[in-house]
Structures are given as C-alpha cells and as structure tokens.
Protein chains: 2
Amino acid sequence: MLKSAPQKDTSFSAELDFIRKLFRKHGLKLTQQRLEILRAVRESGDHPSAEEVYRRVRPVLPTVSLDTVYRALMMFERIGAISRVEILDDRTRFESNTDPHHHLVCVVCRGIEDFPCPAADRIKPPAAGKWGKVLSNHLELRGVCRSCLAKQVGG
Amino acid sequence: MLKSAPQKDTSFSAELDFIRKLFRKHGLKLTQQRLEILRAVRESGDHPSAEEVYRRVRPVLPTVSLDTVYRALMMFERIGAISRVEILDDRTRFESNTDPHHHLVCVVCRGIEDFPCPAADRIKPPAAGKWGKVLSNHLELRGVCRSCLAKQVGG
DNA sequence: CTAGGTGCAAACAATTTGCGCGCGT
DNA sequence: ACGCGCGCAAATTGTTTGCACCTAG
C-alpha cells in the first residue's frame, strides 16, 4: 500500500509532461482545477458525464464549481485532450480515449464500453467522394449488456 | 398546378390507412394535430428537430403548442412510426426512415444524410456473445459535406 | 358519453454566460 | 504585474409535467 507513490498518480503524472506542453502550445494556463478535471476523465478510462466529473473532483477540490468543470471539459475537447460521446436519451459524456474506436451501449444500465473496429473505420459513404470529406467514423451498437441480460432473465 | 390533388398530400394519404391501423392497434386517437405532426416528419424525409416540426405544422395548425409536438413525436417513436437521431452537439432530431440505415453528418451545416450500409449492419462486438445482446447498429460518419466544402475553399 | 388528447404555463435539467476577484505565468 | 481563469449566481435552452377544457371514437 505504501510501496511507492500512489498507483493512480504514477500513471497520470507520466502524462503531465505531455499535458503541460499541450497547454503551453495553446496558450492556456494549467490550473489545479483543470489538472484534476482532466485527471478525472483520463485516469478512469470510462465515460463520465459533466456531473460525474464534478462529483469526482469535489473530494480533491471542494470549492470547484460545476461550470468550471463544463468550461474545462469543453476546452479539453477543443485541444484534443479528450473527446465527447453523445448517447441516445442521455446527457453528454466524456472520455479520454481519443483514438478511433466505437461504442457498445447498454440501453438498460446506460453503460458504455469501447471497442476497436477496423472494419467500421474503413467504411466510406456510398458513391465515394460524392458526399464530401469524412473526418471520423463512429459505430454505436445498442443493446443489453451481459449483466443486465442476466438480471432480466431472473426478473 | 391544378392538375389534381396536391402532390404532397397524395403520397401521404396513401399511408393514411396504415397510420390509422397503427393508431387503432395501440388504442390511440388520430387527431388532426398528430396527423399533421406525423406528416411533417414523414413527407419531408429529412431530420427535423422538434422545433423544426413545430415550425412546419404552425401554418396548418396555428394553435398547436410545442409540447404537443414533443408528446406526439415521442409517442410516434414509441409505436415505431418514426425514429430519433441524436447527433453530436445538437438537439434531438426525428426521421421517418425506420429501416436500419446510417448517417452522414456535416459538422459545418449540421445537415444529415441517410445511407444504407449492409457492411455496418453486419458488424458484431468483438468476442461475440460476450458483451450481451445487440439490438441495433448505427454508424455515424462525421465530416464536411460537398456544398460546405465548396464554400470553405472559397472562404 | 368518456377516456384520452390538447393548450397553457410553469417546472425541470443541462448547459452557458456576466462579473469581479485571485492566481499562474 | 497582467490577464486568463475561477466561483457565484443568474440566464438560456431543450424538454417535461399538472391541470382544466375539448374531441375522437
């Protein structure tokens, strides 16, 4: 438990250098708030909503406000540090995975799981070149996840 | 111009029988409002927001309220008469195309175009069966459409 | 007739913004 | 020291709801 620096911090601090440069590059100030907000999204690797991020940083930054979280998240998205996911019937979520990937969404528990899919990445609009310039592909498979499926059978 | 009954009405009235049955089946009343709201989505074949639908029915139903539009749209979705699309950074949109299909979204003009894609329909989560039960596949290609691309080059 | 539907206005929830002080650079 | 960023609270926007009257079946 006390072996060394906390695990979570270790992995994140490795990114600190990169983050610092990124901020510098965009002429942005690296504040404690921004750092913690970014950490809340990047360390977990999941898909928190703005509210959820707010909840996560409160223990560390008790005075932080929800609007600061919003502002920071939007700013991070602008500079490419995180990306946002919009899921049917739900509020906007954020994620640290900025590589091309796709989502499995459980319509019961609203859980989101990432998965890579080169086949989906490769798909182009029909009559290639006729539509315009494609920037990204995002495939969303909606359904019921394993654990919700198990619960339903019993309920 | 006066050749016959208005074109638009012709195609929609062909669906009237189907609509009527669908409503009956669900024990719903077919009111003038609902009919016009449904028409506003189905006749255009595009992807209007609730606000846009409201705007479209106002000329025909000057007293209709936005909340009636919302209620009707949600109800139509429930009974499968239309489906909803959620696009990044934008309000919910509705569409009459309830067959499996995918979307080309222009990030500049926010326009949405449908396209069929059997390849995308066939994609399954990795480690098949491990995630749960997939109900639908939706691929969203984001980019800049032809006409916005043309404008950008000039600007 | 009578339950379900409508319009109005108000409630709600998520997100955005104006403002004056504080802190990172 | 300067100016961006912060927290507060209030404004906006999209959507939902309670209620009394109305209308399709």
Side-chain angles (χ1 to χ4, degrees), chain A residues 16-17 19-38 40-41 47-55 57-79 81-82 84-94 110, chain B residues 16-17 19-41 47-55 57-58 60-79 81-82 84-94 110:
Chain A
L16 242 178
D17 182 53
I19 302 293
R20 214 177 282 281
K21 274 187 199 135
L22 190 61
F23 272 60
R24 169 96 36 113
K25 185 172 120 189
H26 291 270
L28 298 165
K29 289 181 183 171
L30 184 55
T31 64
Q32 194 60 29
Q33 287 90 329
R34 290 178 170 182
L35 196 59
E36 291 302 330
I37 290 166
L38 189 52
V41 180
H47 309 76
S49 63
E51 277 281 357
E52 173 60 25
V53 171
Y54 178 61
R55 224 170 293 130
V57 297
R58 292 281 289 188
V60 194
L61 302 166
T63 68
V64 83
S65 63
L66 181 57
D67 51 280
T68 295
V69 173
Y70 272 109
R71 280 191 274 227
L73 289 171
M74 291 191 300
M75 193 262 285
F76 295 152
E77 193 204 0
R78 226 176 33 245
I79 65 176
I82 63 175
R84 70 163 64 189
V85 200
E86 305 231 324
I87 296 301
L88 193 67
D89 257 4
D90 206 359
R91 68 198 72 174
T92 303
R93 315 270 206 105
F94 298 85
R110 318 251 97 160
Chain B
L16 242 178
D17 181 53
I19 302 291
R20 216 178 278 283
K21 275 188 197 136
L22 188 62
F23 272 60
R24 169 98 33 114
K25 185 171 118 189
H26 290 270
L28 299 165
K29 290 179 182 172
L30 185 55
T31 62
Q32 194 59 28
Q33 288 88 329
R34 289 178 172 182
L35 196 59
E36 291 302 332
I37 290 165
L38 189 51
R39 183 210 302 276
V41 180
H47 308 77
S49 64
E51 279 280 358
E52 174 59 26
V53 171
Y54 178 60
R55 223 168 297 130
V57 297
R58 291 280 289 189
V60 193
L61 302 166
T63 69
V64 82
S65 62
L66 181 56
D67 50 278
T68 295
V69 173
Y70 271 109
R71 281 191 275 229
L73 289 171
M74 290 191 299
M75 193 262 283
F76 296 152
E77 193 203 359
R78 227 177 30 247
I79 67 176
I82 62 175
R84 73 162 65 191
V85 200
E86 305 231 324
I87 295 301
L88 192 67
D89 257 6
D90 207 359
R91 66 199 73 172
T92 303
R93 314 270 207 107
F94 298 87
R110 317 251 98 155

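The sequence lines fix the lettering, A, B, ..., with proteins before strands; numbering per chain opens at 1.
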Selection: residues 66-75 of chain A, any non-hydrogen atom under 4.0 Å of DNA chain D: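 Residues of residues 66-75 of chain A that come under 4.0 Å of DNA chain D are, in numerical order, A:Asp67, A:Thr68, A:Arg71.
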* Asked: So which one's nearest nucleotide on DNA chain C is more toward 5', A:Ala50 or B:Lys29?
  ->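 First, find each residue's nearest nucleotide; the 5'-ward one identifies B:Lys29.
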Starting from the 5' end of DNA chain C, give me the residue, B:Arg58 or B:Leu28, whose nearest nucleotide shows up first.
->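 This one resolves to B:Leu28.
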Looking at residues at least two apart in the chain, or sitting in another chain, which of them share a side chain to side chain donor-acceptor pair (under 3.5 Å) with B:Lys25?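 Per chain and number, B:Lys25 pairs via side chain to side chain donor-acceptor pair (under 3.5 Å) with no residue.
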What pairs with A:Arg55 under side chain to side chain donor-acceptor pair (under 3.5 Å), at least two apart in sequence or on another chain?
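A:Glu52.
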Self-check item: Touch class at under 4.0 angstrom, heavy-atom based, for A:Ser49 against every strand present
Solution: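 Nothing, no nucleic acid heavy atom in range.
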Is any side-chain nitrogen or oxygen of B:Gln33 closer than 4.0 Å to OP1 or OP2 of C:dG7?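 For C:dG7, OP1/OP2 do have a side-chain N/O of B:Gln33 under 4.0 Å.
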Quick test of your reading: applying side-chain hydrogen bond (donor to acceptor under 3.5 Å, both in side chains), list the pairs with at least one residue in residues 26-36 of chain A, sequence neighbours left out, ordered by first then second residue.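 Sorted result for residues 26-36 of chain A: A:Gln32-A:Glu36, A:Glu36-A:Arg39.
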For B:Tyr54 and B:Leu66, work out which heavy atoms get closest and say how close.
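Minimum heavy-atom contact is CE1-N, 3.4 Å.
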Between A:Ala50 and A:Val69, which heavy-atom pair has the shortest distance, and what is it?
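Looks like O-CG1, 3.7 Å.
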Using 0.5 Å steps for rounding, measure from the [atom1] atom of [X] to the [atom2] atom of [Y].
{"X": "B:Met75", "Y": "B:Thr68", "atom1": "CE", "atom2": "OG1", "value": "10.5 Å"}
{"X": "A:Ile82", "Y": "A:Met74", "atom1": "CD1", "atom2": "CE", "value": "10.5 Å"}
{"X": "A:Leu22", "Y": "A:Ile79", "atom1": "CG", "atom2": "CD1", "value": "4.0 Å"}
{"X": "B:Leu35", "Y": "B:Leu61", "atom1": "CG", "atom2": "CG", "value": "9.0 Å"}
{"X": "A:Phe94", "Y": "A:Leu38", "atom1": "CZ", "atom2": "CG", "value": "12.0 Å"}

| task | Would you mind reading off the bend of the helix from C:dC1-D:dG25 to C:dT25-D:dA1 from its two end axes, five pairs each, to 10 degrees? | result |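 The value is 40°.
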Gap between atoms [atom1] and [atom2], on [X] and [N] respectively (whole Å):
{"X": "B:Arg78", "N": "C:dG4", "atom1": "CZ", "atom2": "P", "value": "12 Å"}
{"X": "A:Glu77", "N": "C:dT16", "atom1": "CD", "atom2": "P", "value": "10 Å"}
{"X": "A:Gln32", "N": "C:dG22", "atom1": "CD", "atom2": "C1'", "value": "15 Å"}
{"X": "B:Leu30", "N": "C:dA3", "atom1": "CG", "atom2": "C1'", "value": "16 Å"}
{"X": "B:Arg24", "N": "C:dG4", "atom1": "CZ", "atom2": "C1'", "value": "15 Å"}
{"X": "B:Ile79", "N": "C:dG5", "atom1": "CD1", "atom2": "P", "value": "11 Å"}
{"X": "A:Arg84", "N": "C:dA14", "atom1": "CZ", "atom2": "C1'", "value": "12 Å"}
{"X": "B:His26", "N": "C:dG5", "atom1": "NE2", "atom2": "C1'", "value": "17 Å"}

**Report entry** Heavy-atom contact window of chain A on DNA chain D, given 5' to 3' at under 4.0 Å
**Finding:**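 The contacted stretch runs from D:dG3 to D:dA9.
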Close side-chain approach of A:Arg84 and A:Phe76, heavy atoms under 4.5 Å:
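Of all side-chain heavy-atom pairs linking A:Phe76 with A:Arg84, none is under 4.5 Å.
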Nearest-nucleotide wise, let me know which of B:Thr31 and A:Ser65 is further upstream toward the 5' end of DNA chain D.
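Nearest-nucleotide comparison on DNA chain D picks A:Ser65.
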